[in-house]
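Proteins get letters first, then strands, A, B, ... in listed order; numbering begins at 1 in each. What's counted below: heavy atoms across the whole structure, side chains too, no hydrogens, waters or symmetry copies.
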Number of protein chains: 2
Amino acid sequence: MKASFVLWSRGDFDVERCPVREILSHLGDKWTTLIVIALAEGPHRFNELRRALPDISNRMLTQTLRDLQRDGLLSRQVFPTKPPSVEYWLTPLGRSRLDPLAALVTWAQNTHADVKTARSKFDRSGSVIANVDS
Amino acid sequence: MKASFVLWSRGDFDVERCPVREILSHLGDKWTTLIVIALAEGPHRFNELRRALPDISNRMLTQTLRDLQRDGLLSRQVFPTKPPSVEYWLTPLGRSRLDPLAALVTWAQNTHADVKTARSKFDRSGSVIANVDS
DNA sequence: CGGCATCCCACTGGATACTG
DNA sequence: CAGTATCCAGTGGGATGCCG
């Protein structure tokens with residue numbers, strides 16, 4: 001199968017408003033995707049997410065959640081209990097991102113071994129750049 | 001359909017050697033994915049790629065290409081002509097990444113409008129943070 | 001508990017100039 | 001043509017502390 005990509009380099013192209021770059025920059029956000037996946041199983045509260053992502057900072061969790069909400073991928077609801085609690089969950093739009101994401105994750109897991117092999121082979125053969133004593 | 005993700009937060013987990021984070025960090029590389037897509041149609045030479053990606057810097061193209069080669073996603077061959085020419089093309093492994101990628105790109109294009117709508121709605125309603133004069 | 005504000009450092013990656 | 005080397009700015013994002 002040959003997936004045809006009509007992106008840039010196909011005549012008309014504006015670097016800025018390119019949906020593909022848009023999405024790629026978000027995927028590269030380091031946290032965006034992980035949060036979406038974390039919410040795949042169901043709604044979660046702020047601190048639940050924080051525990052799910054052991055090494056995320058407070059700042060980044062807040063910010064990424066707001067960005068995702070802004071893009072309509074997740075919803076947020078505040079329960080005025082004491083102390084207050086807030087729930088986040090994926091919207092239909094957000095859930096629709098799970099499938100392509102799952103494909104990618106699956107690919108990553110399937111090919112992980114191959115990549116590791118290729119990598120060590122590459123390192124052993126060519127680049128003897130390291131190990132130069134001073 | 002419920003794509004089950006067994007990633008972190010599932011008992012055993014080492015933040016570092018997590019294949020998913022691996023791949024995500026590469027996707028976020030800003031150039032990696034674009035280069036892979038650019039090579040989808042077939043082999044390309046260094047400067048051809050540079051023209052295909054209008055705003056990539058010399059440095060980044062070189063570096064990203066080497067990383068991709070290192071991971072076994074693409075091959076490189078030098079033709080000792082004068083002046084020399086070098087060709088890059090996807091390996092089977094590299095081509096195998098195209099399918100999940102295509103799914104994601106398709107998703108991005110399909111939902112782009114929705115996201116834009118959600119975004120402007122979000123901006124209009126809540127955050128009246130801007131427009132504060134001094 | 002669920003944030004927001006501030007500070008600050010590390011790294012990403014762009015520009016430029018030089019080589020085989 | 002196909003890179004490499006160096007320099008440097010911008011910013012992503014961590015740590016910390018405060019507030020409703």
Side-chain angles (χ1 to χ4, degrees), chain A residues 15-16 21-35 38-39 43-70 74-89 122 126-130 132, chain B residues 15-16 21-22 24-35 38-39 43-70 74-89 122 126-130 132 134:
Chain A
V15 175
E16 291 313 304
R21 298 218 183 184
E22 260 284 326
I23 225 253
L24 285 179
S25 76
H26 277 320
L27 290 180
D29 263 356
K30 181 178 186 181
W31 295 119
T32 309
T33 300
L34 292 174
I35 289 180
L39 289 174
H44 280 297
R45 297 178 48 183
F46 189 87
N47 275 337
E48 286 176 347
L49 288 171
R50 200 133 76 84
R51 275 187 293 275
L53 278 38
D55 52 341
I56 195 174
S57 72
N58 206 319
R59 186 173 125 80
M60 278 302 105
L61 181 53
T62 304
Q63 181 176 309
T64 309
L65 284 172
R66 239 197 301 99
D67 288 348
L68 282 170
Q69 189 193 356
R70 190 171 105 102
L74 57 78
S75 293
R76 183 189 118 115
Q77 175 150 9
V78 184
F79 298 96
T81 58
K82 44 170 177 147
S85 72
V86 182
E87 286 224 323
Y88 295 92
W89 66 91
F122 182 89
S127 347
V128 201
I129 302 177
V132 251
Chain B
V15 175
E16 291 312 305
R21 297 217 183 184
E22 261 283 328
L24 286 179
S25 77
H26 278 319
L27 290 179
D29 264 355
K30 181 178 187 182
W31 295 120
T32 309
T33 300
L34 291 174
I35 289 180
L39 287 174
H44 280 298
R45 296 178 49 184
F46 189 86
N47 274 338
E48 285 177 346
L49 288 170
R50 199 133 77 83
R51 274 188 293 275
L53 278 38
D55 52 341
I56 194 172
S57 71
N58 208 318
R59 185 173 124 81
M60 278 303 103
L61 181 53
T62 305
Q63 181 176 309
T64 309
L65 284 172
R66 241 197 300 98
D67 289 347
L68 282 170
Q69 189 193 356
R70 188 172 106 102
L74 57 79
S75 294
R76 184 189 118 116
Q77 175 151 9
V78 184
F79 298 95
T81 58
K82 43 172 177 141
S85 72
V86 181
E87 285 224 324
Y88 295 90
W89 65 91
F122 182 89
S127 350
V128 201
I129 302 176
V132 250
S134 158

Determine, for nucleotides 15-20 of chain C in 5'-to-3' order, which nucleotides have protein heavy atoms under 4.0 Å from the base (write B), from only the sugar-phosphate (write S), or from neither (write -). B----B
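- To the nearest angstrom, C1' of dA5(C) lies 12 Å from CD of Q63(A).
- Minimum interatomic distance between A38(A) and H44(A) (heavy atoms only, all atoms of both residues): O-CD2, 3.4 Å.
- Residue-to-nucleotide proximity on DNA chain D shows that, of N47(B) and D29(A), the 5′-proximal contact is made by N47(B).
- Contacts of F79(B) with the nucleic acid, taken as non-hydrogen atoms under 4.0 Å apart, are absent.
- By the 4.5 Å heavy-atom criterion applied to side chains, Y88(A) and R76(A) are counted as neighbours.
- Contact of the L68(B) side chain with the L39(B) side chain is not registered, since no non-hydrogen atoms from C-beta on lie closer than 4.5 Å.
- The distance from atom CD of E87(A) to atom P of dC1(C) is 15 Å, rounded to the nearest whole Å.
- The heavy-atom pair separating P43(B) from E48(B) by the smallest distance is O-OE1, 4.3 Å.
- Look at NE2 on H26(B): it is 12 Å from P on dT12(C), rounded to the nearest Å.
- A 4.5 Å side-chain heavy-atom check between L65(A) and W31(A) finds every atom pair outside the cut-off.
- Between the CD atom of Q69(A) and the P atom of dG2(C) there is a distance of 15 Å, rounded to whole Å.
- In terms of phosphate contacts, R45(A) brings no side-chain nitrogen or oxygen within less than 4.0 Å of OP1 or OP2 of dC1(C).
- First and last contacting nucleotides of DNA chain D toward chain A (any atom under 4.0 angstrom from a heavy atom, 5' to 3' order): dG13(D) to dA15(D).
- Put simply, CE on M60(A) is 16 Å from P on dC7(C), counting in whole angstrom units.
- Rounded to whole Å, the distance from CG on L53(B) to C1' on dG13(C) is 14 Å.
- Looking at heavy atoms from C-beta onward, D67(B) lies out of side-chain contact with F122(A) at the 4.5 angstrom threshold.
- Closest approach of R21(B) to D55(A), counting heavy atoms only: NH1-OD2, 3.0 Å.
- No contact: K82(A) has no heavy atom under 4.0 Å from any strand.
- Annotation for T64(A) and M60(A): closest pair OG1-O, 2.6 Å, computed over non-hydrogen atoms.
- Among the atoms of the strands shown, base atoms are found under 4.0 Å from some heavy atom of T62(B).
- In this structure, the side chains of R50(A) and I56(A) come closer than 4.5 Å at one or more pairs of heavy atoms.
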